[in-house]
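Before I ask anything, here is the structure I am working with.
Residue numbering restarts at 1 for every chain, and letters A, B, ... go by the order of the sequence lines. No hydrogens, no waters, no symmetry mates; every other heavy atom, side chains included, goes into these values. Not measured: the values here are computed from a predicted model.
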There are 2 protein chains.
Amino acid sequence: MAKYIKIAEEIRERIVTGVYPVDKALPDQINLAKEFQTSRVTVKKSLELLAVEGLVYSKQGSGTYVRKNALQMSKLDNQLDEYVGVAHQLADRSSIASQILKFDVRFPNELECEKLLIDKTQPVYDIVRLRFVDDEPFLIEHTVMPVHVIPGISEEILTKSIYEYIKGELGLKFGGANRHIRADKPNELDRMYLECEIADPVLEIDQVVYLTNGVPFEYSQSRHRYDKGDVLVVNIKSV
Amino acid sequence: MAKYIKIAEEIRERIVTGVYPVDKALPDQINLAKEFQTSRVTVKKSLELLAVEGLVYSKQGSGTYVRKNALQMSKLDNQLDEYVGVAHQLADRSSIASQILKFDVRFPNELECEKLLIDKTQPVYDIVRLRFVDDEPFLIEHTVMPVHVIPGISEEILTKSIYEYIKGELGLKFGGANRHIRADKPNELDRMYLECEIADPVLEIDQVVYLTNGVPFEYSQSRHRYDKGDVLVVNIKSV
DNA sequence: GAGTGGTCTAGACCACTAG
DNA sequence: TAGTGGTCTAGACCACTCC
């Protein structure tokens, strides 16, 4: 484990336990460097980590301070690391099940080519899944994935986790996503499978998910019951 | 302007113009350092900037590569810098107007105290605004702000931009936000002011906005017409 | 084993804040 | 003006990838 990460952990611990109180300055970088038997550059790197997490902020010429909302931020971080779509947010506290409504291979349409950065000749999986939380329908998800990027998908994998398969079997890493979030009226499928009334809105999330090398591997549209969960977005400016 | 930022700009330019092609490795850090007459550490810092933007990724022992979706990412970035709530997303291409429905000062309730990290004795502004894009109602926003954090709010400021006032007059900086996004059925106000039909869903965004020092200065709930705009969330993993 | 990125150092100078 | 963070250097060693 890198030294600057260990130091960041120690400082984070001191913040959440109140050794470094909220709204007050930390010891300056030179003294922290002395204490941790390291160079100032390394200490600075640790503080940058904590700044990205929203725990501290630095003011040139003045000092590095604990942010007033530091304690709240430290709670959020665990959730963030695990965040993949919305389904995962609930993984801890509930049982999740999947029902496969459709699993096909076909050629992509124009929009899918554009989103997935592929051409018309490259086949894609066409998957529709219904997800349950504690036996109640929660979301319906339409996923399109390029076969050549994620080969070997089977129904068995779909009932478990695609992300686990990509990480474990294929050795690829999730690298980010762009999501569009909007509200919509329920359509036929929503009413049938999510058991929506005609006046029940749905929350729609359109996303393109990328591997670390920027190759898109999933373009999906998921539609959620409006009364089951929401989307949390945390945003910290670094400048 | 710091050298590492200039170098990042030059490399970004080379990526978007195709000098460094997508999916290929950049020159290694030592050679980039030579070219830019600098040290390897400085080059690395430039590459880290570009990695955060989603343009490149580095693989220890192998090289630094242009991400396949780099060109799409470079388009998104401009939008992101300007992102403050949802209203701003539209600022460029349309005329925005505000109508003040309510502007009061009162004591906060328990939830507001918790969100804004204040106690019951500290008064808050209680503001309700209706926003129009090109003369059509677009969102209705209920904002609560602590008076002692943002003093001197007037109706005139509200019709313009609170953020401009905070930055310009008070010299404070916006430092981040936590948002919860969900879909909901329209309530009385939505139907009256947003001109929603009873079956029209609304997109609700609950947010706490912070200054750079972590002091919450706004707790707001905005409700949007489902057919006018959505929320874009970009997420790049750095690990 | 050669090449590449990741980390770390010790010291320097600059830019900014605050009294 | 003193103190603090921001940047930069030149060199070193380590960890990892890939041939």
Residues 106-116 of chain B vs salt bridge (charged side-chain N to carboxylate O under 4.0 Å, His left out), sequence neighbours excluded, gives B:Arg106-B:Glu112, B:Arg106-B:Asp126
Note: for A:Met1 and A:Gly61 on DNA chain C, the residue whose nearest nucleotide lies more 5' is A:Met1
The correct set of residues in residues 18-31 of chain B placing a heavy atom under 4.0 Å from DNA chain C is B:Asp28, B:Gln29
Expected list for residues 33-49 of chain B near DNA chain C, using heavy atoms below 4.0 Å, is B:Arg40, B:Val41, B:Lys44
Is the closest side-chain donor-acceptor distance between B:Glu156 and B:Ser154 under 3.5 Å? no
By nearest-heavy-atom nucleotide on DNA chain D, the more 5' of B:Ala2 and B:Tyr65 is B:Ala2
Between B:Gly175 and A:Arg67, the two heavy atoms sitting closest are O-NH2, 3.7 Å
On a heavy-atom basis, the closest approach of B:Leu55 and B:Ser74 is CD2-CB, 4.0 Å
| message | Please check this pair: side chain of A:Ser98 against backbone of A:Arg131, looking for a donor-acceptor N/O pair closer than 3.5 Å. | response | no
So the stems of DNA chain C, runs of at least three Watson-Crick or G-U pairs (under 3.5 Å), are C:1-18 with D:1-18
Check A:Lys6 with A:Glu13, please: is the shortest side-chain N to carboxylate O separation under 4.0 Å?
no
* **Flag, side chain of B:Thr38 to backbone of B:Lys34, donor-acceptor distance under 3.5 Å** => no
Is B:Arg14 salt-bridged to B:Glu35, cutoff N-O under 4.0 Å?
yes
Self-check item: Under 3.5 Å side-chain donor-acceptor pair for B:Thr64 and B:Ser58
Solution: yes
Partner of A:Glu218 under side chain to side chain contact (heavy atoms under 4.5 Å, CB included), picked from A:Tyr125, A:Tyr210, A:Tyr163, is A:Tyr163
Applied to residues 33-60 of chain B, the ring-ring contact (aromatic ring centres under 6.0 Å, His included) test, sequence neighbours excluded, yields B:Tyr57-B:Tyr65
So OG1 of B:Thr42 and NZ of B:Lys3: to nearest 0.5 Å the spacing works out to 6.5 Å
A:Gln221 and A:Glu141: side-chain donor and acceptor closer than 3.5 Å? no
DNA chain D: first to last nucleotide in contact with chain B (atom under 4.0 angstrom from a heavy atom), 5' to 3', is D:dT7 to D:dC18
